[in-house]
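The structure appears below as structure tokens.
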Amino acid sequence: MTTNNWPIGQWTTDLFDCWDDPSLCVKTCFCPCVTIGEVVEILDQGTTSKGHACLLAYAMGSIHCGWIYGRRYRRKLREIFKLPESPYADTLISCCCCVCGISQEYRELKNRGVDPSLGWEGNVEKWKREGVTVPPIPTSSMTR
């Protein structure tokens, strides 16, 4: 599915739909840094590898600051797809419901035509094979 199948400004799954994909939920529950690494590589369009993002998320989590990293990328995902900051603020989700939040972000990318498990380059190759000329993730002119 591509972004055209989903309304702009609306999440494709709810925050607590973790068990819609049980294997993702279990992976994220036991190794959240792996899942966030996959999400970060996609959102950074390959400029940050999933391995690097995973290590950074793990390091920040070990000093109880992983929520800062998670919040940053949740916000970035919301900005790309113009999603609302609901039902709760990004900070609250990243602090208190990080497994549900990271799983929702992964599902959001997948529902919009990106497979985070393939990495950025793997998705680019997939889009080329499928004849997709405009990737589901807008190429970034978004800088801060």
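Every heavy atom of this structure was used, including side-chain atoms; hydrogens, water molecules and symmetry mates were not.
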So, for Leu118 and Asn123, which heavy atoms are closest and what is the spacing to 0.1 Å?
CB-ND2, 3.8 Å
Taking Arg112 first and then Glu108, would you say they form a salt bridge - that is, a charged N and a carboxylate O separated by under 4.0 Å?
yes
Would you sort out whether Arg107 and Trp11 count as a side-chain contact (heavy atoms from CB on, under 4.5 Å), showing the intermediate values?
CA-CA 10 Å; Arg107 290 189 314 271; Trp11 290 92; over 6 Å; no
On a heavy-atom basis, the closest approach of Gly37 and Ala53 is CA-CB, 3.7 Å
salt_bridge(Asp90, Arg74) N-O dist < 4.0 Å:
yes
For Asp44, what residues pass the side-chain hydrogen bond (donor to acceptor under 3.5 Å, both in side chains) criterion, not counting sequence neighbours?
Thr48, Tyr73, Lys76
Does Val39 form a side-chain contact (heavy atoms from CB on, under 4.5 Å) with Leu77? I'd like the steps, not just the answer.
CA-CA 9 Å; Val39 169; Leu77 177 81; 5.8 Å; no
Correct closest heavy-atom pair for Leu24 and Ser103 would be CD2-O, 3.8 Å
Can you tell me how far OG1 of Thr133 sits from NZ of Lys128, rounded to the nearest 0.5 angstrom?
12.5 Å
Note, Trp120 side chain near Ser49 side chain (heavy atom, < 4.5 Å):
no
Between atom CD of Glu121 and atom NZ of Lys126, what is the distance when rounded to the nearest 0.5 Å?
14.0 Å
According to a hydrophobic-cluster definition based on side-chain heavy atoms being under 4.5 Å apart (Ile, Leu, Val, Met, Phe, Trp, Tyr only), do Leu109 and Val124 belong together?
yes
Who clusters with Leu92? Use side-chain heavy atoms, under 4.5 angstrom, across I, L, V, M, F, W and Y, and order the result by chain and number.
Leu15, Phe16, Tyr88, Ile93
What are the two closest non-hydrogen atoms of Gly70 and Ser94, and how far apart are they?
C-OG, 3.5 Å
Gap separating the SG atom of Cys25 from the CG atom of Asp17, nearest 0.5 angstrom:
11.0 Å
Check side chain to side chain contact (heavy atoms under 4.5 Å, CB included) between Leu56 and all other residues, then give those that pass, not counting sequence neighbours.
Met60, Tyr69
For Arg71 and Thr91, indicate whether the former's side chain and the latter's backbone hold a donor-acceptor pair under 3.5 Å.
no
Rounded to the nearest 0.5 Å, what separation is found between the CD1 atom of Ile102 and the SG atom of Cys18?
10.0 Å
Hey, any chance Val34 and Trp67 share a hydrophobic cluster, counting ILVMFWY side chains that come within less than 4.5 Å of each other, even indirectly?
no
Is it the case that the side chain of Glu38 and the backbone of Tyr106 share a donor-acceptor pair, with hydrogens and angles ignored and the cut-off at 3.5 Å?
no
List in chain and number order the residues that pass side-chain hydrogen bond (donor to acceptor under 3.5 Å, both in side chains) with Ser117, two or more places apart in sequence or in another chain; answer none if no residue qualifies.
Asp115
Whether Ser62 side chain and Ala59 backbone form a donor-acceptor pair below 3.5 Å
yes
Under a side-chain separation threshold of 4.5 Å, the hydrophobic residues clustered together with Leu55 are none
If you compare all heavy atoms of Pro136 against all heavy atoms of Phe81, which two are closest, and at what distance to 0.1 Å?
O-CE2, 3.6 Å
Do you know which two heavy atoms are closest between Pro116 and Ile42, and how far apart they sit?
CA-CG1, 3.9 Å
Does any N or O in the side chain of Gln104 come within less than 3.5 Å of the main-chain N or O of Thr13, such that one atom is a donor and the other an acceptor?
yes
Can you list the other members of the hydrophobic cluster that holds Trp19, where links are side-chain heavy atoms under 4.5 angstrom apart?
Val26, Phe30
